[in-house]
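A short worksheet on the structure shown next.
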Amino acid sequence: MGSKERDILGAIRTQLQAVDATGTYTFDLSGEDRVLIGATMLPDRIPAAYIYATATQTAITPGRTVLRNYDRTLIVQIEAWVNATTSSPGEDHLRALDMQDDIFKAVESDRTLGGNVDDVMLSGQTYDGEALQRPGLGLAVIVCQCSYRDVGGSGS
């Protein structure tokens, strides 16, 4: 049996794999090798998204947190790489914004991540690949704060 955090990362991966370049989505992340957990930051495939758990925070709020439970926040970072399709200035940055939008839509399509969390909050930042010594590429970095309740202790 794996951790709750493992289940959350798996749920995010599943939702990102629903990005299939149809409907409101611009990109296709539906292949098995397009959305990876904990893989290298430099893309082997384009477009691609890489998912990392960066921190887990615990809180106990008097009057709100039930005995033996903990309110937790898992901070997940999603790094998504895209390529520019034209040589127009800013194209890689604009495509990174499109990828960020796809990821927001996919994750927010079920803010409970399949019942694994109470809610998610997203924030993002995009980068021009030239600034990262990756000309012709764009990068969207999304931070996903996943709030959930967990039971503490070894007998849980």
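Keep in mind it's a predicted model, so treat the numbers as computed, not measured.
Taking every heavy atom of both residues into account, Gly31 and Gln17 meet most closely at O-NE2, 4.0 Å. Scanning both residues, Ala96 and Ala140, for their nearest heavy atoms gives O-CB, 3.5 Å. Residues Ser109 and Ala106 come closest through the heavy atom pair OG-O, 2.6 Å. Cys144 approaches Ile12 most closely through the heavy-atom pair SG-CD1, 4.3 Å.
Taken together through direct or relayed side-chain contacts under 4.5 Å among Ile, Leu, Val, Met, Phe, Trp and Tyr, Trp81 and Phe27 form parts of separate hydrophobic clusters. Hydrophobic cluster membership is shared by Leu29 and Val76, with clusters built from Ile, Leu, Val, Met, Phe, Trp and Tyr side chains linked at under 4.5 angstrom. Leu122 is connected to Val35 through a chain of hydrophobic side-chain contacts under 4.5 Å among Ile, Leu, Val, Met, Phe, Trp and Tyr, so both are in one cluster. Val141 and Tyr50 end up in the same hydrophobic cluster when Ile, Leu, Val, Met, Phe, Trp and Tyr side chains are linked at under 4.5 Å.
By the 4.5 Å heavy-atom criterion applied to side chains, Tyr148 and Leu74 are counted as neighbours. Residues Val19 and Pro47 have side chains not in contact (no heavy-atom distance under 4.5 Å, counting atoms from C-beta outward). The shortest side-chain heavy-atom distance between Pro135 and Glu130 falls under the 4.5 Å cut-off. Side chains of Leu113 and Val120 form a contact here, defined as non-hydrogen atoms less than 4.5 Å apart.
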Quiz prompt | Test log, rule side chain to side chain contact (heavy atoms under 4.5 Å, CB included), inputs Ile46 and Leu137 | solution = CA-CA 9 Å; Ile46 301 290; Leu137 296 179; 4.0 Å; yes
Exercise. Just do the salt bridge (charged side-chain N to carboxylate O under 4.0 Å, His left out) check on Arg45 and Glu32 with the steps written out, would you?
Key: CA-CA 11 Å; Arg45 308 277 292 176; Glu32 281 297 313; over 6 Å; no
Practice problem: In sequence, state the C-alpha distance, the side-chain angles, and the governing distance for Thr73 and Thr56, and then conclude on side chain to side chain contact (heavy atoms under 4.5 Å, CB included). | Solution: CA-CA 6 Å; Thr73 302; Thr56 306; over 6 Å; no
Exercise. Dump the intermediate steps for side-chain hydrogen bond (donor to acceptor under 3.5 Å, both in side chains) on Glu79 and Gln77, then the final yes or no.
Key: CA-CA 6 Å; Glu79 297 169 358; Gln77 183 167 306; 2.4 Å; yes
Practice problem: Any chance you could lay out the side chain to side chain contact (heavy atoms under 4.5 Å, CB included) test for Ile51 and Leu16, step after step, and finish with the verdict? | Solution: CA-CA 10 Å; Ile51 304 168; Leu16 292 183; 4.0 Å; yes
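Partners of Gln133 by side chain to side chain contact (heavy atoms under 4.5 Å, CB included), not counting sequence neighbours: none found. For Thr14, the side-chain hydrogen bond (donor to acceptor under 3.5 Å, both in side chains) test picks out no residue, with sequence neighbours left out.
Within the structure, salt bridge (Lys or Arg N to Asp or Glu O under 4.0 Å) pairs that include any residue of residues 93-112 comprise Asp101-Lys105, Arg111-Asp119 (at least two apart or interchain).
To the nearest 0.5 Å, atom CD1 of residue Ile78 and atom CE of residue Met99 are 10.5 Å apart. To the nearest 0.5 Å, atoms CD1 (Ile8) and CZ (Arg72) are separated by 10.0 Å. Annotation: the span from Ile75 atom CD1 to Glu5 atom CD amounts to 11.5 Å, rounded to 0.5 Å. The distance from atom CG of Leu97 to atom CG of Asp92, rounded to the nearest 0.5 Å, is 10.5 Å. Here the OH-CG distance, from Tyr52 to Leu36, works out to 8.5 Å after rounding to the nearest 0.5 Å. Once rounded to the nearest 0.5 Å, the distance linking CG of Asp28 with CZ of Arg34 reads 7.0 Å.
Looking only at distances, no side-chain donor or acceptor of Ser88 sits under 3.5 Å from a matching main-chain atom of Glu91. Not one N or O on the side chain of Lys4 forms a donor-acceptor pair closer than 3.5 Å with the backbone of Asp150.
Taking a 6.0 Å sphere around CZ of Arg149, one finds it holds more than 12 heavy atoms contributed by other residues, nucleotides or ligands.
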